[in-house]
Amino acid sequence: MMRSLYSGITGLKNFQVAMDVVGNNISNVNTVGFKASRVNFETMLAQTIKAGRSSQENVGGTNPMQIGLGSQVSSIDKIMTQGSFQNTGVKTDLAIQGDGFFIVSDGSSYYYTRAGAFTLDSNGNLIQTSTGYKVQGWTAVQDPETGERYIDTNKPIGDLVISAGMTMPAKKTSNVRFEGNLNSKLGPGSFVITLTDENGINHDVRVWFEKTQSDLGTDPFSSSQRYTMKIDIDNDGTADVDGYMVFNEFGRVEEAGVYAESQVITATTDGSISGSTALPDGTYQTIVLDSSGNVVYNGTTTVSGGSFTINDSDITAGNNYTVILLTPNNASNSLTIAPGAELVIPTSGEPRFYESDNPTNFVQTDYTSPRYTTAVQVYDSLGNAYTVYYEFVRLGNTTIGSESFKNAWIWRAYTDSGEPISLIDEDGGSGYVAGLIDFDESGRPIQYRGLDSSYNLSSGEVRTIQFDAGQSGDGVVTITADFSGATQFSGDSTLNIPWQDGNPMGVLESFAINEQGEIIGTFSNGLTDVLGQIALAVFNNPSGLSEVGNSLYVVSANSGVPKIGAPGSGGRGILIPGALEMSNVDLAEEFTKMIVAQRGFQANARVITTADQILNELVNIKR
């Protein structure tokens with residue numbers, strides 16, 4: 001018999017296998033996540049007719065003479081290239097862009113697949129639609145104290161459950177963050193007015209306003225704002241005359257005066273100070289400061305016969321007090337700059353300063369209320385909501401006690417429901433009526449202090465408020481503010497609180513899956529939280545996995561062990577939500593393979609036919 005008969009038979013068998021693979025590829029051209037296969041051939045045994053001979057001294061060598069005995073299938077390989085994506089719009093449909101396999105479980109074994117057509121069953125399990133096998137990943141762990149959920153990928157994978165009615169517990173607000181600007185140009189503006197004396201000499205008089213510790217004693221958060229008025233007569237940069245002015249919220253003057261006299265008096269009797277003055281008899285607005293600059297008394301004093309007595313329970317015998325007498329409101333409001341040059345200071349109405357004998361020469365100071373308020377909704381541990389207002393007042397260039405500030409603001413907080421709010425320093429101390437923020441020359445906050453009821457500065461940092469929510473069934477709510485995002489530039493005030501870390505209770509309304517496989521739930525309180533994360537597995541040799549039907553694979557001896565982790569990590573691909581990976585079968589290539597297989601089969605059949613004819617001729621020789 002001829003060897004070619006058997007060689008042709010092996011060829012027929014091999015091309016039958018090739019057609020089987022091509023047929024399987026084409027039948028799965030629309031199978032989600034399908035990976036095409038290919039067939040590789042190799043030679044079978046070869047019969048040696050004559051062995052090769054090496055070269056001799058006078059004769060060259062010869063090659064061996066061999067006749068091959070046909071072909072055989074060497075391998076059927078999986079082509080694990082990326083398939084194209086088909087958008088479905090179904091939120092539980094997932095495609096993998098890159099390497100990796102989804103992991104599903106029947107309760108006893110793990111299976112691996114690229115087909116991401118998933119859905120939820122009646123119990124909220126994320127499952128493979130065709131088999132009901134449960135998709136594997138990590139369920140978010142909820143912190144029992146804070147209620148926050150987080151993913152621990154170091155734990156074993158398990159079923160993913162997304163139950164209707166899942167809740168997000170209420171969380172007490174502990175921190176708020178400020179962002180935005182506080183306008184540096186709030187309050188009354190400074191100006192220069194030129195007055196002409198009787199000799200025709202011009203005098204440039206500069207007027208500006210500052211907040212001092214004595215001005216804070218008249219409720220610095222009220223709609224009416226008191227300022228110390230500084231008047232530089234010779235325009236040399238130093239104030240020659242001090243006074244005060246009170247503006248209402250519309251920028252109109254409610255009260256004003258020039259300090260007529262200031263003297264230090266030692267109290268000889270508890271509760272009273274007696275002194276003498278050259279001022280004419282009358283009633284004078286009076287301010288009494290202790291040795292630290294704190295306001296002890298702010299009221300009126302009657303001067304009679306050059307003497308006066310001030311009575312106040314805070315006055316202590318033996319202590320020194322600074323007594324400031326101001327010009328009375330019913331006295332002349334003109335300030336003599338030089339003979340024939342008098343500046344009229346407004347005591348009510350528009351803040352218009354003018355020359356006494358020439359009212360058309362005037363300057364009206366600009367005034368913008370230095371108060372700014374922003375609000376935030378915070379929560380106690382039961383989820384009860386409170387609106388907290390933070391109110392800011394610009395002090396600007398000021399001195400409090402022995403410390404000077406150039407860009408200072410004070411602030412306080414209050415609730416819409418009236419709960420008393422305390423300010424707490426970093427050591428837990430209380431008793432502060434306001435906080436103070438100082439900004440540097442670049443408009444950034446540099447320190448946070450507190451002011452007690454006498455407007456003395458704290459030594460520690462004050463950024464925390466506290467109030468009792470006991471009437472709502474909760475306890476004390478303590479909130480620390482982060483002011484680092486605040487600025488102070490010349491521009492509109494935009495300071496706001498874009499973030500706080502509390503929330504009311506919420507019920508799960510919907511969910512979505514992101515590229516990292518995180519299942520993000522949206523709750524009725526408007527917040528989102530992570531519910532779980534889908535796991536992916538990668539293999540050293542994914543082509544070595546064994547198919548078990550239903551587009552599933554299992555581990556084989558040559559696939560390597562699964563390396564399980566989160567999408568996007570460790571060489572794993574990312575997920576494309578709302579899409580499925582299509583088959584990677586190329587029909588043009590498969591049709592070409594089909595033609596090759598057909599022609600190969602035909603050729604091998606011709607070999608067998610030809611060998612049969614030769615044998616037939618051999619038989620006919622006998623006849």
Between the side chains of Ser454 and Asp452, is a donor N or O closer than 3.5 angstrom to an acceptor N or O?
no
Pairwise side-chain contact, Ser569 with Gln516, heavy-atom cut-off 4.5 Å (strictly under)
no
Distance check, rounded to the nearest 0.5 Å: Asp312 atom CG versus Asp270 atom CG?
11.5 Å
Are Tyr284 and Phe308 close enough that some pair of their side-chain heavy atoms sits under 4.5 Å apart?
no
Side chain of Asp440, backbone of Ile446: donor and acceptor closer than 3.5 Å?
no
Geometric cation-pi criterion Arg226 and Tyr244, 6.0 Å radius, 45° cone
yes
Can you see which heavy atom on Val192 is nearest to which on Val363, and at what distance?
O-CG2, 4.0 Å
Check whether the side chains of Gln488 and Ser184 place a donor and an acceptor atom closer than 3.5 Å, and report yes or no.
no
Does the side chain of Thr464 come under 3.5 Å of the side chain of Thr480 through a donor N or O and an acceptor N or O?
yes
For Tyr390 and Phe178, I'd like to know if the aromatic rings sit close, meaning centre-to-centre distance below 6.0 Å.
yes
Within-4.5 Å side-chain heavy-atom neighbours: Ile310 and Thr286:
yes
Shortest non-hydrogen contact from Thr322 toward Ser262:
CG2-OG, 3.7 Å
Measuring only between side-chain heavy atoms, which start at C-beta, is Thr269 closer than 4.5 Å to Ile315?
no
Derivation and outcome, side-chain hydrogen bond (donor to acceptor under 3.5 Å, both in side chains), residues Asp314 and Tyr297:
CA-CA 8 Å; Asp314 291 332; Tyr297 175 80; over 6 Å; no
Smallest separation among heavy atoms of Leu508 and Ser510, with atom names
CD1-O, 3.2 Å
For Asn175, is there any backbone N or O sitting under 3.5 Å from a side-chain donor or acceptor partner on Asp501?
yes
Side chains of Pro370 and Gln225 in contact at under 4.5 Å (non-hydrogen atoms)
yes
Under the ring pair (Phe, Tyr, Trp, His ring centres under 6.0 Å) definition, can you give me all pairs with a residue in residues 356-384, not counting sequence neighbours?
Phe247-Tyr367
Is there a side-chain hydrogen bond (donor to acceptor under 3.5 Å, both in side chains) between Thr399 and Ser404 once you walk through the steps?
CA-CA 4 Å; Thr399 299; Ser404 297; 3.3 Å; yes
For the atom pair CG (Asn248) and OG (Ser223), what is the distance rounded to the nearest 0.5 Å?
7.0 Å
Using modelled atom types and a 3.5 Å cut-off, is there a donor and acceptor pairing between side-chain atoms of Asn525 and backbone atoms of Pro504?
yes
Full working for side-chain contact (heavy atoms from CB on, under 4.5 Å) between Ile345 and Val258
CA-CA 9 Å; Ile345 298 171; Val258 175; 3.3 Å; yes
Check the orientation of Phe392 and Trp409. Use parallel for under 30°, tilted for 30 to 60°, and perpendicular for over 60°.
perpendicular
Check: Phe405 ring centre within less than 6.0 Å of Phe439 ring centre
no
Tightest non-hydrogen contact, residues Ala256 and Pro346, listed as CB-O, 3.2 Å
Ignoring hydrogens and angles, tell me if any N or O in the side chain of Asn183 forms a donor-acceptor pair with the backbone of Leu186 under 3.5 Å.
no
May I have the step-by-step check of side-chain hydrogen bond (donor to acceptor under 3.5 Å, both in side chains) for Asp204 and Thr194, ending in yes or no?
CA-CA 4 Å; Asp204 293 333; Thr194 301; 2.7 Å; yes
Tell me every residue that passes side-chain contact (heavy atoms from CB on, under 4.5 Å) with Asp474, counting only those two or more places apart in sequence or in another chain.
Lys172, Asp380, Ser381, Leu382, Ala469, Val477
Between Thr373 and Glu391 the two heavy atoms that sit nearest each other are OG1-CG, 3.6 Å
Between Thr196 and Asn202, is there a side-chain donor-acceptor contact under 3.5 Å, judged purely by atom types and distance?
yes
Going through the checks in order, is the side-chain contact (heavy atoms from CB on, under 4.5 Å) test met by Thr478 and Val476?
CA-CA 6 Å; Thr478 303; Val476 174; 3.9 Å; yes
Taking Asp290's backbone N and O only, do any of them form a donor-acceptor pair with Asn320's side chain (distance below 3.5 Å, no angle check)?
no
Trace of the side-chain contact (heavy atoms from CB on, under 4.5 Å) decision for Leu495 with Glu179:
CA-CA 6 Å; Leu495 190 66; Glu179 292 181 1; 5.9 Å; no
Can Glu254 and Arg252 be counted as an ion pair, charged N to O under 4.0 angstrom?
no
Return the CG to CE distance between Asp242 and Met229, rounded to the nearest 0.5 Å.
9.0 Å
Is Asn181 reaching over with its side chain to a backbone N or O of Phe489, donor-acceptor style, under 3.5 angstrom?
yes
Could you give the distance from CD1 (Ile265) to CG (Asn319), rounded to the nearest 0.5 Å?
13.5 Å
Quick one: OG on Ser458 to CG on Leu436, what's the gap to the nearest 0.5 Å?
8.5 Å
Can a cation-pi geometry be assigned to Lys230 and Phe209, taking NZ or CZ under 6.0 Å from the six-membered ring centre and within 45° of the ring axis?
no
Does Asp240 reach the main-chain N or O of Ile233 with its side chain, forming a donor-acceptor pair under 3.5 Å?
yes
Checking side-chain hydrogen bond (donor to acceptor under 3.5 Å, both in side chains) for the pair Ser472/Tyr386: CA distance, chi angles, key distance, verdict?
CA-CA 10 Å; Ser472 299; Tyr386 305 83; 3.0 Å; yes
Salt bridge present between Glu461 and Arg449 (N-O < 4.0 angstrom):
no
Ile437 side chain near Arg463 side chain, heavy-atom distance below 4.5 Å:
no
Under 3.5 Å, side chain of Thr173 to main-chain N/O of Val378, donor-acceptor pair present?
no
Please check if the side chain of Thr277 supplies one atom and the backbone of Leu279 the other of a donor-acceptor pair under 3.5 Å.
yes
Any side-chain heavy-atom pair of Phe221 and Ile410 under 4.5 Å
yes
Tell me the closest heavy-atom pair linking Ile193 and Tyr354, and the distance in Å.
CD1-CA, 4.1 Å
For a side-chain contact (heavy atoms from CB on, under 4.5 Å) with Thr398, tell me which candidate from Lys406, Lys211, Gln213 qualifies.
Lys211
Residue pair Trp411 / Ile465, side-chain heavy-atom distance below 4.5 Å
yes
One pair to check against side-chain contact (heavy atoms from CB on, under 4.5 Å): Leu195 and Leu343. What are the steps and the verdict?
CA-CA 8 Å; Leu195 306 179; Leu343 176 64; 3.8 Å; yes
Please check: side-chain N/O of Ser334 versus main-chain N/O of Val344, any donor-acceptor pairing under 3.5 Å?
no
Among Asp438, Thr212, Leu216, Asp215, side-chain contact (heavy atoms from CB on, under 4.5 Å) partner for Leu395
Leu216
Could you state the interatomic distance from CG (Asp197) to CD1 (Ile337), rounded to the nearest 0.5 Å?
11.0 Å
